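Worksheet for the structure shown next.
Everything quoted here is computed from the prediction, not taken from an experiment.
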Amino acid sequence: MHRLPPSLHDYLPARFSTAADRPWVPSTTPGKSASPLRFLPDDRGFVELLRMEPGVVMPLHRHTGEIHAYNLTGTRKLCTGELIGPGDYVYEPPGNVDWWKVVGDEPMLALVVVMGTVEFLGPGGVVTFRASAGTQRADYERHCREHGLPMLDLLG
């Protein structure tokens with residue numbers, strides 16, 4: 001009897017999704033959206049593609065865990081003055097507080113790995129909102145339900 005060769009899934013617990021499978025989930029901030037790639041268990045963090053239009057500001061925020069951000073397209077100007085363009089990488093340690101703005105004529109697209117929570121800060125350093133794996137996942141699921149989209153298995 002002839003046996004078919006095993007599939008890659010028989011060997012690896014890997015998961016993948018294609019760009020066509022993933023929606024862009026709009027933010028409450030106009031001109032900002034994210035395409036989630038993974039929600040880490042126990043609210044440890046999340047991985048996403050972040051897209052922001054020129055002129056959009058990422059407001060003052062603090063990270064409870066480390067951040068890794070790799071710019072794919074567009075340019076952002078950090079509050080410290082550095083310009084981060086295509087191919088540039090930014091590491092932010094836990095506790096880092098910053099803000100930045102997308103500059104130039106091209107949308108910014110970055111691959112972002114967020115460990116922990118992002119705390120958005122208002123006057124006096126008061127936390128006005130927390131973005132975590134849980135909040136990002138809830139936004140993703142709500143968006144999929146509202147638009148009749150299938151929910152991908154992005155946990156783990």
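Annotation: salt bridge (Lys or Arg N to Asp or Glu O under 4.0 Å) contacts involving residues 136-151, sequence neighbours excluded, comprise Arg137-Glu141, Asp139-Arg142, Arg142-Glu146. Pairs engaging residues 58-67 under the side-chain hydrogen bond (donor to acceptor under 3.5 Å, both in side chains) rule: His61-His63, His61-Asp98, Arg62-Glu119, His63-Glu92, Glu66-His68, Glu66-Tyr91 [sequence neighbours left out].
The shortest side-chain heavy-atom distance between Thr135 and Arg130 does not fall under the 4.5 Å cut-off. Under the 4.5 Å side-chain criterion, counting only non-hydrogen atoms from C-beta, Met115 is not in contact with Pro94. Side-chain contact between Ile67 and Val112: present, with at least one pair of heavy atoms (C-beta onward) separated by less than 4.5 Å. Residues Trp99 and Pro59 form no side-chain contact, since every pair of their non-hydrogen atoms from C-beta on lies 4.5 Å or further apart.
Here the closest non-hydrogen pair linking Leu109 and Trp24 is CD1-CH2, 3.5 Å. Pairing each heavy atom of Gly74 with each of Pro86, the nearest pair is O-CD, 3.3 Å. Scanning both residues, Asn71 and Ala110, for their nearest heavy atoms gives OD1-CB, 4.0 Å. Residue Ala133 comes nearest to Leu40 through the heavy atom pair CB-O, 4.0 Å, listed as atom of the first residue, atom of the second, then distance. The nearest pair of heavy atoms linking Gly134 to Asp43 is N-OD1, 2.7 Å. The two residues Pro23 and Cys144 have their closest heavy-atom pair at CG-SG, 4.3 Å.
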Stepwise side chain to side chain contact (heavy atoms under 4.5 Å, CB included) test for Val102 and Thr75: CA-CA 6 Å; Val102 178; Thr75 303; over 6 Å; no

Thr73 vs Glu106, side chain to side chain contact (heavy atoms under 4.5 Å, CB included): CA-CA, chis, key distance, verdict: CA-CA 8 Å; Thr73 64; Glu106 184 179 10; 3.6 Å; yes

Criterion side chain to side chain contact (heavy atoms under 4.5 Å, CB included) on Val97 and Leu121, from CA distance to verdict: CA-CA 9 Å; Val97 177; Leu121 305 173; 4.0 Å; yes

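Applying the side-chain contact (heavy atoms from CB on, under 4.5 Å) criterion to Thr128, with sequence neighbours excluded, gives Phe120. Shown here are the side chain to side chain donor-acceptor pair (under 3.5 Å) partners of Thr80, two or more places apart in sequence or in another chain: Glu82.
Following chains of ILVMFWY side-chain contacts shorter than 4.5 Å, one can reach Phe46 starting from Met151, so the two form part of one hydrophobic cluster. In the hydrophobic clustering of this structure, Tyr89 groups with Val113; members are Ile, Leu, Val, Met, Phe, Trp, Tyr whose side-chain heavy atoms approach within less than 4.5 Å, directly or through other members. Put simply, Ile84 and Val57 are part of two different groups of oily side chains (I, L, V, M, F, W, Y) that touch within less than 4.5 Å, one to the next. In the hydrophobic clustering of ILVMFWY residues, with side-chain heavy atoms under 4.5 Å counting as a link, Val118 and Val25 come out together. There is a path of hydrophobic side-chain contacts, each under 4.5 Å, that joins Leu152 to Leu155.
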Report all side-chain donor-acceptor pairs from residues 48-56 shorter than 3.5 Å, counting only partners two or more places apart or in another chain.
from	atom 1	to	atom 2	distance (Å)
Glu48	OE1	Gln136	NE2	3.3
Arg51	NE	Ser33	OG	3.4
Arg51	NH2	Ser33	OG	3.4

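If you chain together ILVMFWY residues whose side-chain heavy atoms come under 4.5 Å of each other, Leu83 ends up grouped with Val103.
Taking OH of Tyr70 as the start and CG of Leu111 as the end, the distance is 9.5 Å to the nearest 0.5 Å.
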